[in-house]
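What follows is a short report on a single structure.
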Number of protein chains: 2
Amino acid sequence: MDAKGTREHIVRAADELFYKQGFEHTSFADVAGAVGISRGNFYYHFKTKDDILAAVIAARIAERRRMLDQWEAEQDTPAGRIRRYINIVIANETDIEDYGCPVGTLTTELAKLGHGCMDSATAIFTLFRSWLGEQFTALGRADDADDLAMHVLAASQGIAVMSQAYHDREFTRREAAQLCAWVDAQAAKEE
Amino acid sequence: MDAKGTREHIVRAADELFYKQGFEHTSFADVAGAVGISRGNFYYHFKTKDDILAAVIAARIAERRRMLDQWEAEQDTPAGRIRRYINIVIANETDIEDYGCPVGTLTTELAKLGHGCMDSATAIFTLFRSWLGEQFTALGRADDADDLAMHVLAASQGIAVMSQAYHDREFTRREAAQLCAWVDAQAAKEE
DNA sequence: CTCTTATTAGGACGGATGTCCTAAGGTATC
DNA sequence: GATACCTTAGGACATCCGTCCTAATAAGAG
């Protein structure tokens with residue numbers, strides 16, 4: 001197989017395992033096993049575990065960027081786009097119940113490990129943060145757009161954490177709906 | 001030294017290390033080093049690492065219970081008590097920036113590890129959840145007291161996650177103040 | 001002081017981990 | 001078909017981990 005394909009395969013498998021088991025709890029052997037290659041071959045593509053993590057984070061950023069572009073194409077209004085973001089917690093309900101938010105749980109883990117990739121992980125948050133900020137600006141809230149974006153991020157993270165703790169889908173839906181209503185109320189405040 | 005004292009000393013050290021480094025990333029040697037005893041002596045007090053975790057969680061529950069009692073004594077009104085809870089994110093600002101919320105980050109980690117102590121960790125959340133529920137009931141919101149309690153928990157967790165990601169104290173204070181205002185608004189709705 | 005019990009220190013153990021090396025197998029080019 | 005390079009497999013390595021055992025020490029009771 002060509003190196004590019006194997007490398008991508010490794011990143012995909014590592015991405016999923018880092019999400020579902022955590023970065024530290026996932027070993028080279030785990031990833032190699034999931035991909036179906038030997039541990040030795042591994043070393044040909046990535047010298048260290050940190051290299052894999054960096055590649056996984058880069059892949060996540062690229063994927064999220066594509067997702068945001070798609071949302072912009074699908075949703076016509078800024079409020080609709082923000083609501084689309086909030087809707088993640090419902091669309092990915094099952095995974096979030098079991099493994100939490102991929103972004104939040106990774107930054108939390110890397111922060112505790114004092115890992116150098118912490119800043120790259122935070123960059124995923126920043127991607128959403130600025131995108132949400134743009135939407136709030138388009139909503140006529142240029143002055144406090146970033147504050148509002150941070151509020152949406154924080155609320156989503158809170159929902160994810162509690163969702164993981166209690167597996168309560170009613171709670172998740174109720175909070176998401178409430179946050180969407182809040183967004184619409186912010187839109188009404190424009191002008 | 002007597003066994004009780006050493007045991008408590010171990011639990012205290014493990015509590016701090018589990019919080020600051022994460023459960024998995026903390027080894028027997030780390031805890032033994034922090035306490036100043038040998039790894040062998042360790043085994044006399046706790047047979048397995050899971051035993052230590054169970055003891056740490058039990059200690060956290062007991063400590064939080066004491067804290068809630070104190071808040072009830074200090075604060076006269078239900079709203080004041082809820083605001084006192086929200087104020088944690090500001091009072092413990094420095095630690096939360098570096099290590100996140102002790103309860104949220106632990107449940108997140110244990111969930112990913114598929115650890116058996118996950119339920120005990122969730123019990124710490126439940127302690128706050130029912131206490132907050134009681135306060136909202138006292139506020140005249142018996143019907144949706146638990147929903148409101150969950151909302152406060154989620155909001156606090158969200159603030160903690162973003163605080164850890166961005167170390168932005170202005171954000172933390174703004175969100176905490178906003179949440180306190182929300183509590184007061186809920187109180188106003190009673191009648 | 002003596003004997004028993006409670007507590008400690010230090011190290012052995014099997015296993016897992018991240019890293020690295022080397023030899024073999026494929027693949028493409030001339 | 002021969003050569004050079006890309007890719008793979010399998011294992012060696014030093015280290016650390018959780019667990020467990022044993023012998024020495026401290027403490028307390030008679």
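Just so it is clear, the values below take in all heavy atoms, side chains as well, and ignore hydrogens, waters and symmetry mates.
- Close to dG10(C), at under 4.0 Å from its OP1 or OP2, lies no side-chain N or O of S38(B).
- No continuous path of ILVMFWY side-chain contacts below 4.5 Å connects V56(A) to Y43(A), so the two sit in separate hydrophobic clusters.
- Side-chain proximity of Y44(A) to dC17(D), dT19(D), dT7(D): nearest is dT7(D).
- Ranked by how close their nearest DNA chain C nucleotide is to the 5' end, N41(A) and H25(A) are led by H25(A).
- At whole-Å resolution of the value, NE2 in H45(B) and P in dC20(D) are 17 Å apart.
- Atom-to-atom, NZ of K47(A) to P of dT17(C) comes out at 21 Å; the value is rounded to the nearest Å.
- Between dT19(C), dC20(D), dA9(D), one nucleotide has an atom nearer to the side chain of R39(A) than all others, and that is dT19(C).
- Taking the charged nitrogens against the carboxylate oxygens, D146(A) and R129(A) do have a contact shorter than 4.0 Å, which makes a salt bridge.
- If you check the side chains of T105(A) and Y19(A), you find no donor sitting under 3.5 Å from an acceptor.
- Residue Y43(A) has a polar side-chain atom (N or O) positioned under 4.0 Å from OP1 or OP2 of dC20(C).
- If you take CZ of F28(A) and P of dG11(D), they are 18 Å apart, rounded to a whole angstrom.
- Rounded to whole Å, atom P of dT17(C) lies 13 Å from atom CD1 of I52(A).
- Distance from the side chain of T48(B) is smallest for dT19(D) among the nucleotides dA12(D), dT19(D), dT8(C).
- Look at T6(A) and you won't find any side-chain N or O under 4.0 angstrom from OP1 or OP2 of dT7(D).
- For F42(A) and dT7(D), the CZ to C1' distance is 15 Å, given to the nearest whole Å.
- To the nearest angstrom, C1' of dC16(D) lies 14 Å from NZ of K49(A).
- Look at CZ on R7(B): it is 12 Å from P on dT7(C), rounded to the nearest Å.
- Aromatic ring centres of F171(A) and Y166(A): separated by at least 6.0 Å.
- Under 3.5 Å, the side chains of D50(A) and H115(A) contain a donor-acceptor pair of N or O atoms.
- Here dT8(C) presents its P atom at 14 Å from NZ of K4(B), a figure rounded to the nearest Å.
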